[in-house]
Amino acid sequence: MMMAGASKTLTNLYPSFPFTTKPQNPLITNNPNPSFPSSRLRHRATFAVANLVQPPTIATESTTPGQYRVDVLSESLPFIQKFRGKTIVVKYGGAAMKSPELQASVINDLVLLSCVGLRPVMVHGGGPEINSWLGRLNIPAVFRDGLRVTDADTMEIVSMVLVGKVNKTLVSLINKAGATAVGLSGLDGRLLTARPSPKAAHLGFVGEVSRVDPAVIRSLIDTNHIPVVTSVAADEFGQLYNINADTVAGELAAAMGAEKLILLTDVAGILEDRNDPNSLVKKIDIKGVKKMVEEGKVGGGMIPKVNCCVRSLAQGVTTASIIDGRVPHSLLLEILTDEGAGTMITG
């Protein structure tokens with residue numbers, strides 16, 4: 001029997017899920033020629049996650065609400081067992097950060113994964129929020145090669161916005177959803193030590209990760225907290241640097257020995273043909289993705305994300321996924337179904 005507290009938590013996180021109403025099952029229809037997928041489990045698991053967003057409209061006459069709930073949970077069991085006790089590093093940004101609905105989806109997914117025994121770590125940036133505050137202060141936002149030019153004034157705003165506003169907002173939302181989050185920057189517990197970018201002469205206080213000390217993170221996840229890490233760090237002399245959040249997530253995942261690195265993006269994943277949104281590559285290894293980069297099939301803003309994944313895999317992360325953050329509950333789809341929600345890269 002599910003404990004009452006756990007049931008209440010799931011109901012609070014996903015009020016549209018039919019925990020107390022008559023269940024709805026796409027496998028029982030009036031269609032004489034239903035189109036079943038090749039894997040019943042895959043279909044049911046994907047359907048279960050879809051129900052977290054909006055219940056379907058096809059009713060069942062034979063399954064009680066309690067039995068339906070048990071079916072969904074039991075079919076998630078293999079995935080939960082696979083990842084239970086494992087560290088999952090999630091880089092949060094893009095559309096999922098801009099939309100209140102998608103933001104709630106990501107937060108609820110993180111809390112649910114924590115409830116079933118995973119050890120999630122969130123890493124975030126906050127570019128749009130930084131741009132907004134720079135505009136209020138009449139400081140122009142300048143970019144070179146996709147990286148923010150960060151002079152002293154801009155670095156001060158970056159630190160204030162990421163550490164003082166975005167980070168604490170995310171911590172508050174996770175706490176409100178029923179988990180306990182702790183906000184960190186790279187400075188806290190000497191989590192990250194920065195060094196200047198090789199292009200510092202042109203980019204200003206844009207940095208790279210020189211060293212990671214995950215001790216403070218380990219102590220938090222060992223006590224069932226969700227760490228929320230922002231991508232501001234200092235060098236050995238105390239100078240602050242703005243570091244790409246994808247890079248921070250990858251280096252942190254490697255240092256933690258994470259089972260999985262997940263980058264939320266504004267695209268479906270890696271495409272075989274950049275001009276064909278239906279050419280998603282579901283799974284690829286390091287050799288294959290490097291070949292795609294060499295052939296020019298992967299370009300633009302996807303290249304640093306791919307490089308981040310490859311570097312983390314080379315340092316011991318088991319898998320890295322680039323997923324579509326525009327899809328509600330893409331985290332659950334990636335972790336708790338066979339289908340996933342983007343491209344998974346393996347070592």
Side-chain angles (χ1 to χ4, degrees), residues 35 37-39 42-43 45-54 79 88-110 113 122-125 127-128 146 244-247 249-250 253 260-313 317-347:
S35 176
S38 58
S39 167
R42 176 183 305 164
H43 179 73
T46 305
F47 172 74
V49 175
N51 261 295
L52 300 178
V53 185
Q54 182 178 355
F79 301 97
I88 309 294
V89 176
V90 178
K91 187 273 178 166
Y92 171 60
M97 183 172 274
K98 301 171 190 174
S99 161
E101 292 78 15
L102 292 176
Q103 184 178 68
S105 163
V106 173
I107 296 298
N108 288 344
D109 288 0
L110 277 176
L113 293 173
M122 174 187 275
V123 177
H124 70 87
N244 179 273
D246 291 334
T247 301
K260 194 170 187 66
L261 167 67
I262 299 176
L263 306 182
L264 289 169
T265 68
D266 289 346
V267 295
I270 298 174
L271 303 177
E272 179 68 28
D273 179 354
R274 280 187 281 172
N275 298 317
D276 180 5
N278 296 317
S279 64
L280 177 66
V281 177
K282 299 291 291 183
K283 186 176 181 180
I284 192 169
D285 60 16
I286 290 178
K287 183 178 179 180
V289 79
K290 283 184 174 180
K291 183 179 180 182
M292 289 187 69
V293 173
E294 292 169 358
E295 294 174 346
K297 293 181 178 179
V298 174
M302 186 59 71
I303 291 179
K305 295 183 184 299
V306 166
N307 289 340
C308 163
C309 291
V310 168
R311 181 173 169 81
S312 68
L313 292 168
V317 176
T318 305
T319 64
S321 295
I322 300 172
I323 71 172
D324 194 344
R326 301 168 301 177
V327 176
H329 301 288
S330 55
L331 278 180
L332 295 187
L333 286 167
E334 177 62 27
I335 294 173
L336 298 182
T337 73
D338 290 327
E339 284 296 315
T343 300
M344 182 170 72
I345 307 174
T346 60

**Item:** Backbone N/O of Ile323 and side chain of Thr265: donor-acceptor pair under 3.5 Å
**Value:** yes
**Prompt:** Side chains of Thr337 and Glu339: is there a donor and an acceptor less than 3.5 Å apart?
**Reply:** no
**Asked** Taking atom CD1 of Ile107 and atom CG of Leu102, what is their separation to the nearest 0.5 Å?
**Response** 11.5 Å
**Request:** To the nearest 0.5 Å, tell me how far Ile284 CD1 sits from Lys282 NZ.
**Result:** 13.5 Å
**Prompt:** Taking all atoms of both residues into account, what is the closest heavy-atom pair of Ala341 and Ser330, and its distance?
**Reply:** CB-O, 3.6 Å
**Message:** Is there a side chain to side chain contact (heavy atoms under 4.5 Å, CB included) between Ser321 and Ile345? Walk through the geometry before answering.
**Reply:** CA-CA 6 Å; Ser321 295; Ile345 307 174; over 6 Å; no
**Item:** Nearest heavy-atom neighbours spanning Gln103 and Met97
**Value:** NE2-O, 4.1 Å
**Asked** At what distance, to the nearest 0.5 angstrom, does OG of Ser105 lie from NE2 of His329?
**Response** 4.0 Å
**Request:** Indicate yes or no for a side-chain donor-acceptor contact from Thr343 to the backbone of Ile270 under 3.5 Å, with no hydrogens or angles considered.
**Result:** yes
Identify every side-chain donor-acceptor pair in residues 295-307 under 3.5 Å, counting partners at least two apart or on other chains, and give the distances.
unit_1, atom_1, unit_2, atom_2, d
Lys297, NZ, Glu272, OE2, 2.4
Lys305, NZ, Asp246, OD2, 2.7
Asn307, ND2, Ile303, O, 3.4

**Complete:** Scanning both residues in full, the closest heavy-atom pair of Phe79 with Leu336 reads CD1-O, 3.3 Å
**Prompt:** So Val281 and Val289, side chain to side chain contact (heavy atoms under 4.5 Å, CB included) or not? Walk me through it.
**Reply:** CA-CA 10 Å; Val281 177; Val289 79; over 6 Å; no
**Request:** With rounding to the nearest 0.5 Å, note down the distance linking CD in Glu334 to CG in Asp324.
**Result:** 11.0 Å
**Asked** Under 3.5 Å, side chain of Lys260 to main-chain N/O of Thr318, donor-acceptor pair present?
**Response** no
**Prompt:** Do you know the tightest heavy-atom contact between Asp276 and Ser279?
**Reply:** O-OG, 2.7 Å
**Request:** Could you walk me through whether Leu261 and Val90 pass the side chain to side chain contact (heavy atoms under 4.5 Å, CB included) test, one step at a time?
**Result:** CA-CA 6 Å; Leu261 167 67; Val90 178; over 6 Å; no
**Complete:** Value for CG (Asp285) from NZ (Lys291), rounded to nearest 0.5 Å, stands at 11.0 Å
**Item:** Non-hydrogen atoms of Leu280 and Gly269 that approach each other most closely
**Value:** CD1-CA, 3.7 Å
**Message:** To the closest 0.5 Å, what do you measure between CE (Met344) and OG1 (Thr346)?
**Reply:** 6.5 Å
**Within 6.0 Å of CZ in Arg326, more than 12 heavy atoms from elsewhere** = yes
**Prompt:** Which heavy-atom pair separates Cys308 from Gly250 by the least distance, and what is that distance?
**Reply:** SG-CA, 3.8 Å
**Message:** Please evaluate residues Leu110 and Leu331 with respect to the criterion side chain to side chain contact (heavy atoms under 4.5 Å, CB included), reporting the C-alpha separation (whole Å), side-chain torsions for both, the decisive distance (0.1 Å), and the verdict.
**Reply:** CA-CA 8 Å; Leu110 277 176; Leu331 278 180; 4.3 Å; yes
